[in-house]
Amino acid sequence: MKKDLISIKDLSSAQIENIFSLTGQLKKNRLKFNKVLSGKTIALIFQKPSNRTRVSFQVGMYQLGGNSIYLSPSEINLGVRESISDVAKTLSRYVDGIVLRTFEHKTVVDMANAASIPVINGLSDFSHPCQALADVYTVKEKLKKLKGKTLVYVGDGNNVCNSLLFACAKAGLNMNVGAPKGYQPDKKVLEESIKLAQASKASIKLFDNAIDAAEGSDVLYTDVWASMGQEKETEARKKIFKEFQLNAKLLKSANKGCLIMHCLPAHRGEEITAEVIDSKNSVVFDQAENRMHVQKAVLIKLLGDK
Ligand code: CP
Ligand code: NVA
């Protein structure tokens, strides 16, 4: 049966461990893997802009000996020019995998159901699993272990936050979320991740202010206040999230040497200050780099010959 990467929730803790272990090998010995996906092609269907996701998938696929095709919003015009199902079935006859970046999460699910090839969620309004895998891998790489460490996410309880909740819960990393009421992570995701965290002996906690959430953090993480598709809310959100900025004052509540993370793109002076994102403890570009290594591991697991 073909496998997809739609949500971190679908991965077991052991599968995440396996992806991380392969990621480590890929980072250490890139050339050893330079033919593993030779003759294979992925299609990238992107209905939103991207720097990291697009480039890391295209370069990653190339480094594995494979090929990739980028399809911009105007080319496929998903659901307008052609139904999701017809796109999925057609591409299944040409390529070996699909990376989809879209708005409604249901679009990713529908694509995966109709395709006979693996579908990878390259970001939906609900989740961003490739990002969360790279993030937890980066934390492990930097702190050497996850158990007993705490990642604190402050700001909007969005797609990135939802996926981080599942990833931390599965990998055994404690996570606090500090988000204003009305902008907290998906209730179901929160409940499910709290349950999942019990198995990995991690804790998941929700706060409605940033200072309390940041107490004892080993990692402070934030993301934009207005995600792609929410541009009209930008000004209103600046007011709502004002007290949730990742700045020097918030850093005072964190543990010494606390890592600074952001999935990027970042808006300096809004969700994070330049002083903090450009500080020596910021690992944002390691995160960005690890997107490629982790995704190469995912591509091998989903598309590679068994
Ligand atoms: N973090 C991330 O997914 O970046 P892009 O939107 O540039 O792909
Ligand atoms: N929450 C952001 C993440 C970008 C990588 C967005 O969806 O725009």
Side-chain angles (χ1 to χ4, degrees), residues 3-5 8 11-42 44 50-68 96-97 99 118 120-123 128-149 151 160 163-164 166-168 170-173 200 218-219 221 257-266 277 279-306:
K3 291 189 216 106
D4 306 298
L5 175 56
I8 303 272
L11 296 173
S12 66
S13 299
Q15 281 172 321
I16 293 175
E17 264 302 312
N18 273 333
I19 291 170
F20 287 175
S21 155
L22 182 55
T23 303
Q25 294 174 50
L26 284 155
K27 281 191 83 164
K28 243 187 244 144
N29 196 351
R30 174 178 146 190
L31 294 181
K32 186 180 154 199
F33 298 90
N34 67 2
K35 290 195 176 67
V36 288
L37 295 185
S38 108
K40 308 233 170 173
T41 303
I42 53 167
L44 288 93
S50 170
N51 172 4
R52 282 145 290 272
T53 308
R54 176 184 176 179
V55 179
S56 58
F57 265 111
Q58 293 207 261
V59 175
M61 195 60 188
Y62 176 74
Q63 289 184 1
L64 296 171
N67 187 26
S68 63
D96 303 280
V99 179
I120 298 172
N121 176 0
L123 181 146
H128 198 2
C130 298
Q131 182 68 51
L133 282 176
D135 295 340
V136 175
Y137 180 85
T138 306
V139 174
K140 198 172 176 191
E141 194 174 49
K142 299 286 172 193
L143 302 181
K144 310 291 176 227
K145 60 171 192 166
L146 298 174
K147 292 256 177 289
K149 300 289 182 188
L151 180 148
V160 167
S163 287
L164 272 172
F166 280 138
C168 288
K170 293 257 180 177
L173 174 61
S200 71
D218 300 295
V219 180
Y221 194 121
C258 176
L259 298 178
I260 303 300
M261 297 182 82
H262 192 307
C263 60
L264 305 177
I277 196 169
S279 67
K280 67 172 189 346
N281 286 343
S282 169
V283 295
V284 297
F285 299 110
D286 297 302
Q287 281 176 265
E289 180 189 328
N290 282 334
R291 286 290 304 276
M292 183 173 76
H293 303 299
V294 165
Q295 288 161 195
K296 282 169 76 178
V298 168
L299 287 168
I300 294 173
K301 298 273 179 202
L302 297 184
L303 272 62
D305 297 322
K306 296 291 163 313

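Just the heavy atoms: all of them, side chains too, but no hydrogens, waters or symmetry mates, feed the values below. These numbers were taken from a predicted model, which means no experiment stands behind them.
- Side-chain contact annotation: Q287 with T138, donor-acceptor N/O pair under 3.5 Å absent.
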- Task: Under the side chain to side chain contact (heavy atoms under 4.5 Å, CB included) rule, what do L299 and M61 come out as? Steps first, then yes or no, please.
- Result: CA-CA 8 Å; L299 287 168; M61 195 60 188; 4.0 Å; yes
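- The two residues V283 and M261 come nearest to each other via the heavy atoms CG2-CG, 3.6 Å.
- Under the side chain to side chain contact (heavy atoms under 4.5 Å, CB included) criterion, S13 pairs with K170, sequence neighbours left out.
- In this structure, L5 CG and I19 CD1 are separated by 7.0 Å, a value rounded to the nearest 0.5 Å.
- Of all non-hydrogen atoms in C130 and F57, the two that sit nearest each other are SG-CZ, 3.9 Å.
- Residues M292 and V55 have side chains not in contact (no heavy-atom distance under 4.5 Å, counting atoms from C-beta outward).
- Residues L143 and V219 form a side-chain contact, since some pair of their non-hydrogen atoms from C-beta on lies under 4.5 Å apart.
- The backbone N or O of T41 sits less than 3.5 Å from a side-chain atom of D96, completing a donor-acceptor pair.
- When the side chain to side chain donor-acceptor pair (under 3.5 Å) test is applied to R52, no partner is found at least two apart in sequence or on another chain.
- How far NZ of K280 is from CG of L259: 10.5 Å, rounded to the nearest 0.5 Å.
- Scored by the side chain to side chain donor-acceptor pair (under 3.5 Å) test, S282 finds no partners at all (sequence neighbours excluded).
- In this structure, CD1 in I277 is found 5.5 Å from CG in L264, a value given to the nearest 0.5 Å.
- Judged as a side chain to side chain contact (heavy atoms under 4.5 Å, CB included), and not counting sequence neighbours, K147 has no contacts.
- Of all heavy-atom pairs spanning P118 and L302, the tightest one is CG-O, 3.5 Å.
- Rounding to the nearest 0.5 Å places SG of C263 at 6.0 Å from NE2 of H128.
- Note on residues 29-40: pairs passing side-chain hydrogen bond (donor to acceptor under 3.5 Å, both in side chains), not counting sequence neighbours, are K40-D305.
- The nearest pair of heavy atoms linking L44 to S68 is CD1-CB, 3.8 Å.
- For residues 285-294, the salt bridge (Lys or Arg N to Asp or Glu O under 4.0 Å) pairs, not counting sequence neighbours, are K142-D286.
- Atoms NZ and CG, on K27 and N290 in that order, are 4.0 Å from each other to the nearest 0.5 Å.
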- Task: Would you check, one step at a time, whether the test side chain to side chain contact (heavy atoms under 4.5 Å, CB included) holds for L123 with T53?
- Result: CA-CA 9 Å; L123 181 146; T53 308; 5.8 Å; no
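- Closest approach of K140 to F20, counting heavy atoms only: CD-CD1, 4.3 Å.
- Annotation for S200 and G172: closest pair OG-CA, 3.4 Å, computed over non-hydrogen atoms.
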- Message: Could you go through T23 and L133, starting from their C-alpha distance and side-chain angles, then the distance that decides it, and tell me whether this counts as side chain to side chain contact (heavy atoms under 4.5 Å, CB included)?
- Response: CA-CA 10 Å; T23 303; L133 282 176; over 6 Å; no
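- Residues I300 and L26 form a side-chain contact, since some pair of their non-hydrogen atoms from C-beta on lies under 4.5 Å apart.
- For the atom pair Q58 CD and N67 CG, the distance stands at 9.0 Å (nearest 0.5 Å).
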